[in-house]
Amino acid sequence: MYTMMQVCRDLDMTYQTLKFYCNEGLIPNVKRDHNNRRVFDERDVKWIKDLTCLKKCGMSIQEMREYLALCLQGPSTIIQRKQMLEKKQQQLRASIQELEESVAYIDWKQNFYDEVLAGKRPYVSNLIRPAE
């Protein structure tokens, strides 16, 4: 069994986040020790890792609740869970594409500045009108 602090340390998460997940009902069947403090077993810790990943994937708390509810229903909801994850995956791929386009722009702009500084091309700006 693991204490909240041990889980937080092992998973590199804040105590407040773990407590929030517990209070929001995102960690089912939370056990308590003899001092009424939350304790977690290996299965809980694996689920908390999953929650962390789902959050990083952009799932809202409500979406995580929906996903959890489906998980708790067992294998009959696998198709719905796959659909939820597929939708999130498509959103992540679109975000990756946007980031790649942003990186490409910065690469282009850095190259432009390098060429201007090396005297290989004149400086041109869309913001500054040329002197007439």
Side-chain angles (χ1 to χ4, degrees):
M1 297 302 264
Y2 302 92
T3 66
M4 286 193 55
M5 290 305 292
Q6 288 170 320
V7 172
C8 291
R9 190 172 38 253
D10 291 348
L11 301 184
D12 193 30
M13 71 185 324
T14 67
Y15 184 89
Q16 292 79 10
T17 298
L18 182 54
K19 185 176 177 182
F20 177 77
Y21 286 170
C22 290
N23 290 343
E24 290 295 314
L26 290 171
I27 305 169
N29 309 314
V30 174
K31 294 156 279 308
R32 302 270 181 167
D33 67 9
H34 63 280
N35 292 320
N36 202 33
R37 291 182 292 220
R38 293 178 181 104
V39 291
F40 307 91
D41 61 23
E42 289 292 333
R43 292 174 68 164
D44 296 325
V45 173
K46 287 178 182 175
W47 173 246
I48 295 165
K49 284 181 186 179
D50 289 349
L51 284 175
T52 301
C53 185
L54 294 174
K55 184 65 178 168
K56 287 179 184 177
C57 290
M59 269 199 189
S60 68
I61 297 300
Q62 182 58 38
E63 288 171 318
M64 288 193 281
R65 273 194 205 107
E66 292 168 16
Y67 185 78
L68 170 61
L70 291 171
C71 289
L72 291 172
Q73 292 175 46
S76 65
T77 63
I78 288 175
I79 291 173
Q80 292 147 290
R81 287 182 265 165
K82 279 184 58 72
Q83 290 169 342
M84 281 185 80
L85 293 174
E86 183 179 349
K87 180 180 174 186
K88 205 45 78 175
Q89 184 181 50
Q90 289 171 353
Q91 292 170 346
L92 287 170
R93 290 191 193 285
S95 294
I96 289 168
Q97 179 63 36
E98 290 176 10
L99 289 171
E100 287 174 345
E101 290 170 5
S102 296
V103 168
Y105 169 78
I106 290 174
D107 288 344
W108 173 83
K109 201 65 167 178
Q110 291 283 48
N111 186 56
F112 170 78
Y113 289 146
D114 288 342
E115 289 179 357
V116 168
L117 291 172
K120 293 180 181 178
R121 72 166 25 190
Y123 177 74
V124 178
S125 171
N126 294 325
L127 299 174
I128 302 170
R129 298 197 185 279
E132 295 179 19

Val116 side chain near Pro122 side chain, heavy-atom distance below 4.5 Å: no
Sequence neighbours left out, what pairs pass ring pair (Phe, Tyr, Trp, His ring centres under 6.0 Å) with at least one residue falling in residues 30-59? none
Please check if atom CG in Asn126 has more than 12 non-hydrogen atoms from other residues, nucleotides or ligands closer than 6.0 Å. no
Residues passing the salt bridge (Lys or Arg N to Asp or Glu O under 4.0 Å) test with Arg65, sequence neighbours excluded, are Glu24
All heavy atoms of Asp44 vs all of Pro28, minimum pair found to be OD1-O, 4.2 Å
Under a single-linkage definition using a 4.5 Å side-chain heavy-atom cutoff for Ile, Leu, Val, Met, Phe, Trp and Tyr, are Leu72 and Tyr21 assigned to the same hydrophobic cluster? yes
Give a yes or no on this: more than 12 heavy atoms of other residues, nucleotides or ligands lie within 6.0 Å of atom NZ of Lys120. no
List in chain and number order the residues that pass side chain to side chain donor-acceptor pair (under 3.5 Å) with Thr77, two or more places apart in sequence or in another chain; answer none if no residue qualifies. Arg81
Salt bridge (charged side-chain N to carboxylate O under 4.0 Å, His left out) contacts touching residues 7-20 (sequence neighbours left out): none
Atom pair CG (Leu18) and CE (Met4), whose distance is rounded to the nearest 0.5 Å: 4.0 Å
Does any non-hydrogen side-chain atom of Ile79 lie less than 4.5 Å from one of Gln83? yes
As an exercise, state the distance from CG of Leu68 to CG of Leu51, rounded to the nearest 0.5 Å. 7.5 Å
Does one hydrophobic cluster hold both Met64 and Ile78, with members joined at side-chain heavy-atom distances below 4.5 Å? no
Is there a donor-acceptor pair under 3.5 Å between the side chain of Gln6 and the backbone N or O of Thr3? yes
Tell me, do Met59 and Met84 make a side-chain contact under 4.5 Å, heavy atoms counted? yes
Who pairs with Gln91 by side-chain contact (heavy atoms from CB on, under 4.5 Å), at least two apart in sequence or on another chain? Lys87, Lys88
Within-4.5 Å side-chain heavy-atom neighbours: Tyr105 and Lys109: yes
CZ (Arg121) and CG (Asp114) are apart, to the nearest 0.5 Å, by 11.0 Å
Glu101 side, atom CD; Leu99 side, atom CG - distance, nearest 0.5 Å: 9.5 Å
With sequence neighbours excluded, what pairs up with Glu42 under the side-chain contact (heavy atoms from CB on, under 4.5 Å) test? Tyr2
Same cluster for Val7 and Val30 if Ile/Leu/Val/Met/Phe/Trp/Tyr side chains link at under 4.5 Å? yes
Any side-chain heavy atom of Thr14 within less than 4.5 Å of one from Thr17? yes
OG (Ser76) and CD (Gln80) are apart, to the nearest 0.5 Å, by 7.0 Å
Looking at residues at least two apart in the chain, or sitting in another chain, which of them share a side chain to side chain donor-acceptor pair (under 3.5 Å) with Gln89? none
I need the Arg93 CZ to Glu98 CD distance, nearest 0.5 Å. 14.5 Å
With sequence neighbours left out, the residues meeting side-chain contact (heavy atoms from CB on, under 4.5 Å) with Lys49 are Leu11, Val45
Tell me, please, which residues at least two apart from Phe112 pass ring-ring contact (aromatic ring centres under 6.0 Å, His included). Trp108
Could you check whether any side-chain heavy atom of Leu26 comes within less than 4.5 Å of a side-chain heavy atom of Ile48, counting everything from C-beta outward? no
Residues forming a side-chain contact (heavy atoms from CB on, under 4.5 Å) with Arg32, sequence neighbours excluded: Asn36, Arg38
Partner residues of Asp50 under the salt bridge (Lys or Arg N to Asp or Glu O under 4.0 Å) criterion, sequence neighbours left out: none
Under 4.5 Å between side-chain heavy atoms, counting indirect links through other Ile/Leu/Val/Met/Phe/Trp/Tyr residues: same cluster for Ile61 and Leu85 or not? yes
Partner set under salt bridge (Lys or Arg N to Asp or Glu O under 4.0 Å) for Asp33, not counting sequence neighbours: Arg37
